Amino acid sequence: MVNKTSFLPTLTLLFGFAFLYAPIVILIIFSFNAGKLVSVWAGFSTQWYGELLHNEQILRAAWVSIKIAVVNATIATILGTLGAYGLSRFGAFKGRTLFTGMMTAPLVMPDVITGLATLLLFVGIGWTRGMSTITIAHITFSLAFVAVIVRARVSALDQSLEEAAMDLGARPVKTFIVITIPMLAPALVAGWLLAFTLSLDDLVIASFVAGPGASTLPMVVFSKVRLGVSPEINALGTLIVLLVALCIAVAAWIFHRQEQERLRDQQAAERG
Amino acid sequence: MASSTPETGKAAGQSRRFGIPGRYLVISAPYVWLLLFFLAPFAIVFNISFSSAIIAQPPYTALFDWSTGLIPQIRGTLSGYGFLLSDELYAVAYLNSIKIALVSTMLCLMIGYPMAYGIARAPAARRNTLLMLVILPFWTSFLIRVYAWIGILKNNGVLNNALISLGLIDEPLPMMHNAFSVYVGIVYSYLPFMILPLYANLAKMDESLLEAAADLGCRPWKAFLFITLPLSFPGIIAGSMLVFIPAVGEFVIPALLGGPDTLMIGKVLWNEFFHNRDWPVASAVAIAMLVLLVAPIVIFQHYQAREDDN
Amino acid sequence: MVNKSSWFAPKEVPYICIENVTKRFGGFVAVDNVSLEIHRGELFSLLGPSGCGKTTLLRMLAGLETPSEGRILVDGQDTTNIPPYDRPVNMMFQSYALFPHMTVEKNVAFGLRQDNMPPHDIDARAKEMLELVQLMNFAKRKPAQLSGGQRQRVALARSLAKYPKLLLLDEPLAALDKKLREQTQFELMNIQEKTGVTFIVVTHDQEEAMTLSTRIAVMNDGVIRQVGTPSEVYEFPNTRYVADFVGSINLFEGDVTDSPDTEHVTIRSEEVAVEFKLDAFVELPIGAKVAVAIRPEKIAISKDKPEQEENICRGKVDEIAYQGSLSIYQVELPGGKLVRVTAPNLTRTAERPIDWDEEVWLCWGRHAGVVLSD
């Protein structure tokens, strides 16, 4: 009965997805354009990929970005998980309100404010700016995003599993490691990947806190695109989209296989 | 405790780890991190916004004069704020930001709500795929996705070329470097942030409530109006705040897609900082923006906390 | 079939007619060609384990599911294709489905407002309903501020407010604890009597079905196994399934060895080496494989040999469960089969109480057992 009214949502879904994906599709198409203009088709060519792969500046920046993203994702996942676990399991504690505030505010805080504030801290305490400062600034906002994902999972967890482990003699730390962490694993992976992406994606905060030596990929891309369109950037965008699509396809395949296995096991159990 | 053997002492310590001290051990790492790198910076920005600019490295007068001993003397000035009030540019950018963020939020809500509703009501097997499609663009570079719109919207861009070749228009429509392109960019970039909390809310809504409404004689559209819509209010708030707050301070979109009439406060801050190197004014702009955003942030956190309680 | 006749007044036209209704979800048949007739003023129960199709059948009556085949008539009107919001049928949901953002009063008035009733009448009706369920003092509260029992009564008031021709109740008492459930059963019967509305109750609890209902339909695997009054279903189950599902039962497999007429039968059970002489209605040839079903309370247990010659056997007490008003004995027969016997505890202290591992005699009358042939 309810489904008869789903015509409008279906239509907006189609329109919405077209809106979300059209720019990406066009970006990919014009990355294979032979001409320098990204909007007028001048024949098929892969020359921009060649130029991209020989662009020292972009490659160096990409390497810097990846290093920062990996360190950021790892530390942010650890800190975010601890924070999320504390917030959803410890009930009321002293300073909880402040802690909740600091864990959620970075989710919405405009980048320009965070970037400026963090920079002033580093200047104030005389910290040499560079990759380390970018990483620290990224961890600070990434951990809040990790915490959101982990928290959803922690609240969905059956607390009696942890209680059962402790009842059977596992100490709290051991319980956390052998019971809680494995059950949180999907959220930890998702959180890590999100933190990685956020870091790889950030332009504004990195621009503020970067020293003269360290340029991240978005900083280089921004300096190029503000001068106008460049087919090299299309090629770069296409590579990123392909990489993400590949990762998601692999993840979906693994998930699908696990689900199938689970269903098979369940059916076997019911039969047996 | 002092008289106990090492073994019992250790056991007691271990068991207490599950008590209050253990909690603080878990919390302390992220807590200290956020105090140091999130809260402390804001205190500094607040202070610096009261200092005056001198061209130096760093380009602001030391607000704290440590030479007088442990208690620093604060040498404050309001010149940064005075500057904000004296130049019309700032007020225009400020109001522009609010207007653009507000309209974008409304647009996101109008597109995002039916989409979230459609996903939440889709067959369970298809739901995850649709959700994935919403999140997917988010995983690819934000900067490059905004950049992609330049190629579409500019005068000899894909859209204008297509419209001209179809004979619908003779002259290219001005779709770049104006309000239109900024709205497109913001709605495009922030739409997933609207859809996700709305979806989370709509998906967990008890379907039997709608069945009960229908059973009591309520037609589907009225059931939507009286049951679904009021119950999804927390999702609407969360999604709107997730769009509105960052949109107010957005820099990349007005920088790449905007023009002179779409000056936004984030871009002003950026210019003050990187071009004029006036850190106190930049800080004052940041504080002014923060003041504007305090209410929405508090509302967002309030609803977030309430969602957590349920 | 023991009972296919209608309830109380066989001549009356049935109020609800379910005609050959089938519901398929993909390849799964939830409800399989079900036909039922229910009369005005009945309190009818659909009883069965979870997944038996009873809730699906109820949802089709409410219009929340459309039958794949067949049709449903309410008061002579074919409702099969009427959407739920246009039906003279209301439902009380298992989860109660109270609107969390509305007060008790608003919840109760919701259905009336959909019918564009004048505000004054709505207020009066809502008040009447809240009085009926004794929640006058809670009108301004939100559902979250009520106890489980109070919520249940709000749900009942809301579904009754429109004076429906038929009220459907999906596990109405399942969410309440035992004590409250017993008390509420009687309230529910009272309200049904007071309002005269026809009730159809879905339940998995056979005790609840027996207490509440005028008639019970036992369902399993989408099929109705038996329809009858509580005592018919309990005393004359027509299949092993019904016998086993409603109450507890002892089943003895055996063969018909003698059947002089349709009223008398002798069955020899090899597994317990006992001969059953029963006065039961059977039309079976000699040698037919059957089961004798005897309820635990219809078997007598004693330490001394009873006087009767037939329907008697020896056994050893394996387990005793003392339950206050009665005790349940599990007795092992020579073949190893365990038989369940209940006996009331008539005195506070028995002189010679039956103990574990004691040899006892079991016996039963000619009317105690039912012969099942399915």
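The structure presented is a predicted model; accordingly, all values stated were derived computationally and were not measured. Quick note on labels: first sequence line is chain A, next is B, and so on, each numbered from 1.
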- Item | B:Tyr188 side chain vs A:Phe19 backbone, donor-acceptor pair below 3.5 Å | no
Between [options], which has the largest tally of heavy atom pairs under 4.5 Å with chain B?
options                                : value
A:Ile248, A:Thr118, A:Val241, A:Leu203 : A:Ile248
A:Tyr85, A:Tyr21, A:Phe141             : A:Tyr21
A:Leu194, A:Leu107, A:Ile125           : A:Leu194
A:Ile139, A:Thr140, A:Leu14, A:Val244  : A:Thr140
A:Ser155, A:Gly95, A:Ala245, A:Cys247  : A:Gly95
A:Thr81, A:Leu200, A:Leu119, A:Leu243  : A:Leu119

- Task: May I ask you to test the B:Val26-A:Phe176 pair for a side-chain heavy-atom distance under 4.5 Å?
- Result: no
- Using a 4.5 Å cut-off on heavy atoms from C-beta on, say whether the side chain of A:Leu98 contacts that of B:Leu39. yes
Toward chain A, the part of [X] with a non-hydrogen atom under 4.5 Å:
X        : result
B:Trp33  : side chain
B:Ile195 : neither
B:Thr129 : neither
B:Leu269 : side chain
B:Phe273 : side chain
B:Leu293 : side chain
B:Phe300 : side chain
B:Ala255 : side chain

- Relative to the ring of B:Phe274, is the ring of A:Phe208 parallel (under 30°), tilted (30 to 60°) or perpendicular (over 60°)? tilted
- Item | Interface residue of largest heavy-atom contact number with chain A, from B:Pro137, B:Ala286, B:Pro246, under 4.5 Å | B:Pro137
- Query: Between B:Lys267, B:Met241, B:Glu250, B:Met289, which has the largest tally of heavy atom pairs under 4.5 Å with chain A?
  - Reply: B:Met289
